[in-house]
Every structure is written in C-alpha cells, then in structure tokens.
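What follows is a set of notes on a single structure, which appears directly below.
When a residue number appears, it is its place in the shown sequence, counting from 1.
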Amino acid sequence: MLVDYHTHHYRCGHASGTLEDVVKSALARGLTEIGLSDHSPIYHFDEPQPFPNTAMHPDELPRYVDEMLELRERYAGRIAVRLGIESDYILGWDDFYRELWDGYPLDFVIGSVHWLGRWNVFWRELPDGKSREQIYEEYFLTVQAAAKSGIFSILGHLDVPKTSGHMNGQLTPIVRETLHVIKEADVALELNTSGWRKTVNECYPSPEILRYAAELGIPVTLGSDAHSPDLVGADFDRALNLLARCGFQAIARFEGRRRYMIPIEEALIALGQ
Ligand SMILES: [Zn+2]
Ligand SMILES: [Zn+2]
C-alpha cells in the first residue's frame, strides 16, 4: 500500500492539472490511495478572494467537494480517492474552521500555518515591527494552537518558514515543545517531499525534527505537495527510506477522519523495493 496525502490542482491558481489528472497520475505510479487536498479559500481578509493565485474562491469549495465525490465513485476498485483539504489555520479562528470542515464529508484535513495574521510565511520581507525571532516563536505557537484545536488530521510542512529563510530545520527548544504538544493532541505530521524540490533542498520537516517525532511516537504520513500531476508521489522512495532510518515503522492513512497505519515495509513493496 502506498499513499500520497498532499496534492493540488488548478483551482488554487498556482498549480496545473485537474483532480482527475492527479488521480490518474497516482494510479500510474502504483499508489493505492490518493489524498486530494487543495488549498482552502482564504477567509481572514475582507475580500472573498484576496489572492487569486494562492487559493480558490469560496464559491468553488462545494464544487471541489462534489468533484472529489464523483471521482471517488468513478475510480472505486482501482484506487481509493480520499477527500481532503489543506486548510489554513488562523489563530483564534478555531470555531470557524471546525464548523466549515465538519460541513463536508472529508476523509482528512491538513492544517497548515501559511499566515500569521495578514503576513504570509513565504514572504521574504518580515512584517513591520517584527524580528525574525518573534516570527519564529509566533509561528510555532500558532502550530501548537492548530494541533490543540482538534480540527486537523495532519499538520502540514512543519518547518516551512525555512523556505524563505526565516528559520532552519533545527530541533530548538520551541520545536521540541511543539512536538510534545502534537503528540499530546494525537495529530499526525507529514513528511512533505516538496522541500527537496526547492532551494532549501530539505524535506519538511528536517530529518533532525523527524527523528525526535519518531522518538515521541508521533504518527507520520507522506505528502508530495504536488502542484502538477507528474509530481504525485515524487521522491517517495527517498522519503520512506528516511522515515525508516528515523525510526518510524508505519505511515498513516485516513478514512472518514479516522487514522489507520500501514507498515513501512508494505509501502516499500508497493514502490517495488
Ligand atoms: Zn501549504
Ligand atoms: Zn500544499
């Protein structure tokens, strides 16, 4: 069994391919499950779609879910299509996101901290009046709040601010503390392979953080964060071998917001190793 729980398609405005293209690519790569997880609409600005190249319009959300449901039926027996979303987590918006996602028949919800208020963590320029140290602390405290919210099945790309140079993948005291909170909250992490395709050239989170997560017994799953169909399952051989070296024995899969585990050996067999 092999799964990819983090994929995007054209609706977010910065990815290519349709949902069906993603499913077809997963089938061609021998995956047994494909998690569809486009970016949630952005709700914490006044305009309905403040950044059309970042996330879908709120009106698209029901159509996105309907299309996933249709694909799940169409591909039943060939590949398990899991319905998901990569949701923003905005500090203090717990009730809003909980109610929003409870209203859809999702199999999993990835919680990603892309925004600290109106500042995006991918922006290189720091927000006015804040130091890099403040941003670093604020980011991890927000991730901790996301974990505790109980909304999410998976926390997305844990050390992602390293992409724009705001941190590195070190296991600092606040990262350790965050991992303890995640363990306590019983949320999964993802090994997101997209960092290997970026200038930072390191997966999310770093091997050092992954090792500590394995020590604590935090469940982990796999995500390519593919923004084009050909990247579904990208670098999964490298990822699975790294997870095994870090001390993980299984990867998580999700159905109806419940988590199940797949032994890593089974996933490696599916990859033909
Ligand atoms: Zn993301
Ligand atoms: Zn993503």
Pro207 versus Leu242: any side-chain heavy-atom pair under 4.5 Å?
-> yes
For this output row, return yes or no: ring centroids of Trp123 and Trp115 closer than 6.0 angstrom.
-> yes
Does one side chain, of Glu190 or Thr221, offer a donor that lies under 3.5 Å from an acceptor on the other?
-> no
Check the pair Phe140 / Val113 against side chain to side chain contact (heavy atoms under 4.5 Å, CB included), numbers first and verdict last.
-> CA-CA 9 Å; Phe140 281 106; Val113 177; over 6 Å; no
In Å, rounded to the nearest 0.5 Å, how long is the span from CD1 of Ile182 to CG of Leu158?
-> 5.0 Å
Are more than 12 heavy atoms from other residues, nucleotides or ligands located less than 6.0 Å from atom CD of Gln134?
-> yes
Considering all heavy atoms, the nearest Trp101-Leu61 contact | CZ3-CD2, 3.9 Å
Between Asp94 and Tyr89, do the side chains contain an N or O donor and an N or O acceptor separated by less than 3.5 Å?
-> yes
Among Arg258, Arg253, Arg257, which one satisfies salt bridge (Lys or Arg N to Asp or Glu O under 4.0 Å) with Glu255?
-> Arg253
If you draw a 6.0 Å radius around CD in Glu184, do more than 12 non-hydrogen atoms from other residues or ligands fall strictly inside?
-> no
Could you go step by step and tell me if Tyr43 and Phe96 meet the ring pair (Phe, Tyr, Trp, His ring centres under 6.0 Å) rule?
-> CA-CA 9 Å; Tyr43 292 104; Phe96 174 83; 4.9 Å; yes
Is Ser194 reaching over with its side chain to a backbone N or O of Cys203, donor-acceptor style, under 3.5 angstrom?
-> no
Are Leu216 and Val143 connected in the hydrophobic side-chain network, where two residues link if heavy atoms are under 4.5 Å apart?
-> yes
Report the distance from atom CG of Leu2 to atom CG of Leu240, rounding to the nearest 0.5 Å.
-> 6.0 Å
Is the His39 ring parallel, tilted or perpendicular to the His14 ring (thresholds 30°, 60°)?
-> tilted
Answer yes if the side chains of Glu177 and Gln144 hold a donor-acceptor pair under 3.5 Å, and no otherwise.
-> yes
Do the non-hydrogen side-chain atoms of Leu116 and Pro127 ever get within less than 4.5 Å of each other?
-> no
With no hydrogens and no angle check, is any side-chain donor or acceptor of His44 less than 3.5 Å from a backbone partner on Gly117?
-> yes
Between Ile79 and Thr32, which heavy-atom pair has the shortest distance, and what is it?
-> CG1-O, 3.5 Å
Scan side-chain atoms only and decide if Tyr10 and His227 contain a donor-acceptor pair under the 3.5 Å cut-off.
-> no
If Ile, Leu, Val, Met, Phe, Trp and Tyr residues are connected whenever their side-chain heavy atoms lie under 4.5 Å apart, and connections chain through other members, are Tyr260 and Phe108 in the same group?
-> no
Where Val3 and Ala252 come nearest, the two heavy atoms and their spacing = CG2-O, 4.0 Å
Single-linkage hydrophobic cluster Val181~Val175, side-chain heavy atoms < 4.5 angstrom = no
Heavy-atom donor-acceptor pair, Arg197 side chain to Leu231 backbone, under 3.5 Å = no
Arg98 and Asp95 ion-paired at < 4.0 Å | yes
Supply the atom-to-atom distance Glu33 CD to Arg82 CZ, rounded to the nearest 0.5 angstrom.
-> 4.0 Å
So do Arg245 and Asn241 actually touch side chain to side chain, heavy atoms under 4.5 Å?
-> yes
What distance do Asp38 atom CG and His9 atom NE2 have between them, rounded to the nearest 0.5 Å?
-> 5.0 Å
Take atom CD of Glu125 as the centre, draw a 6.0 Å sphere, and report whether it contains more than 12 heavy atoms from other residues, nucleotides or ligands.
-> no
Check whether any side-chain heavy atom of Asn168 sits under 4.5 Å from a side-chain heavy atom of Glu202, and report yes or no.
-> no
Are the side chain of Asp4 and the backbone N or O of Gly233 linked by a donor-acceptor pair below 3.5 Å?
-> yes
Nearest heavy atoms of Asn53 and Gly13, plus distance in Å = OD1-O, 3.7 Å
Parallel, tilted or perpendicular: rings of Trp93 and Tyr97 (30°, 60°) = tilted
Can you find a pair of side-chain heavy atoms, one from Trp119 and one from Asp128, that are under 4.5 Å apart?
-> no
Which is it for Ile110 and Leu155 under the side chain to side chain contact (heavy atoms under 4.5 Å, CB included) test, yes or no, and what are the steps along the way?
-> CA-CA 6 Å; Ile110 302 176; Leu155 291 172; over 6 Å; no
With a 6.0 Å cut-off on ring centres, are His114 and His157 close enough?
-> yes
Determine yes or no for a side-chain-to-main-chain donor-acceptor pair under 3.5 angstrom, with Ser40 supplying the side chain and Asp88 the backbone.
-> yes
With the 4.5 Å side-chain cut-off for hydrophobic clustering, are Leu71 and Leu27 part of the same group?
-> yes
Which is it for Leu243 and Leu222 under the side chain to side chain contact (heavy atoms under 4.5 Å, CB included) test, yes or no, and what are the steps along the way?
-> CA-CA 10 Å; Leu243 288 178; Leu222 272 183; 4.2 Å; yes
Is Arg118 positioned over the aromatic face of Phe45, cation under 6.0 angstrom from the ring centre and no more than 45 degrees off axis?
-> yes
Under a 4.0 Å N-O cut-off, is there an ion pair linking Glu70 with Arg72?
-> no
Counting N and O atoms only, with roles assigned by atom type, does the side chain of Ser206 sit under 3.5 Å from a partner on the main chain of Gly169, one being a donor and the other an acceptor?
-> yes
Quick one: pull up CD1 in Ile154 and CG in Leu189 and give me the separation to the nearest 0.5 Å.
-> 9.5 Å
Does a salt bridge link Arg211 with Glu215, judged by any charged N lying under 4.0 Å from a carboxylate O?
-> no
In terms of side-chain geometry, is the basic nitrogen of Glu138 or Lys130 positioned less than 4.0 Å from the acidic oxygen of its partner?
-> yes
Would you mind reporting whether Ile34 and Tyr75 have side-chain heavy atoms less than 4.5 Å apart?
-> no
Tightest non-hydrogen contact, residues Val220 and Ala250, listed as CG1-O, 3.8 Å
Answer yes if the side chains of Ser25 and Arg29 hold a donor-acceptor pair under 3.5 Å, and no otherwise.
-> yes
Could you state whether Met261 and Phe152 fall into the same hydrophobic cluster, counting links through intermediate Ile, Leu, Val, Met, Phe, Trp or Tyr residues with side-chain heavy atoms under 4.5 angstrom apart?
-> no
Does a side-chain heavy-atom distance below 4.5 Å link Leu83 with Tyr104?
-> no
Tyr139 and His166 aromatic centres sub-6.0 Å | no
Does a donor on one side chain and an acceptor on the other come within less than 3.5 Å for His8 and Glu86?
-> yes
Between Tyr5 and Ser153, does any side-chain donor sit less than 3.5 Å from a side-chain acceptor?
-> no
State, without any angle test, whether Tyr204 and Thr163 hold a side-chain donor-acceptor pair at a distance under 3.5 Å.
-> yes
State whether the side chain of Arg78 and the backbone N or O of Arg74 hold a donor-acceptor pair below 3.5 Å, judged by distance alone.
-> yes
For Ala234 and Thr193, work out which heavy atoms get closest and say how close.
-> O-OG1, 3.0 Å
With a 4.5 Å heavy-atom cut-off, do Asp59 and Gln49 have their side chains touching?
-> no
Distance, nearest 0.5 Å, that separates CD1 of Ile151 from OG of Ser87 = 7.0 Å
For the pair Arg63 and Asp66, find out whether any cationic side-chain nitrogen is under 4.0 Å from an anionic carboxylate oxygen.
-> no
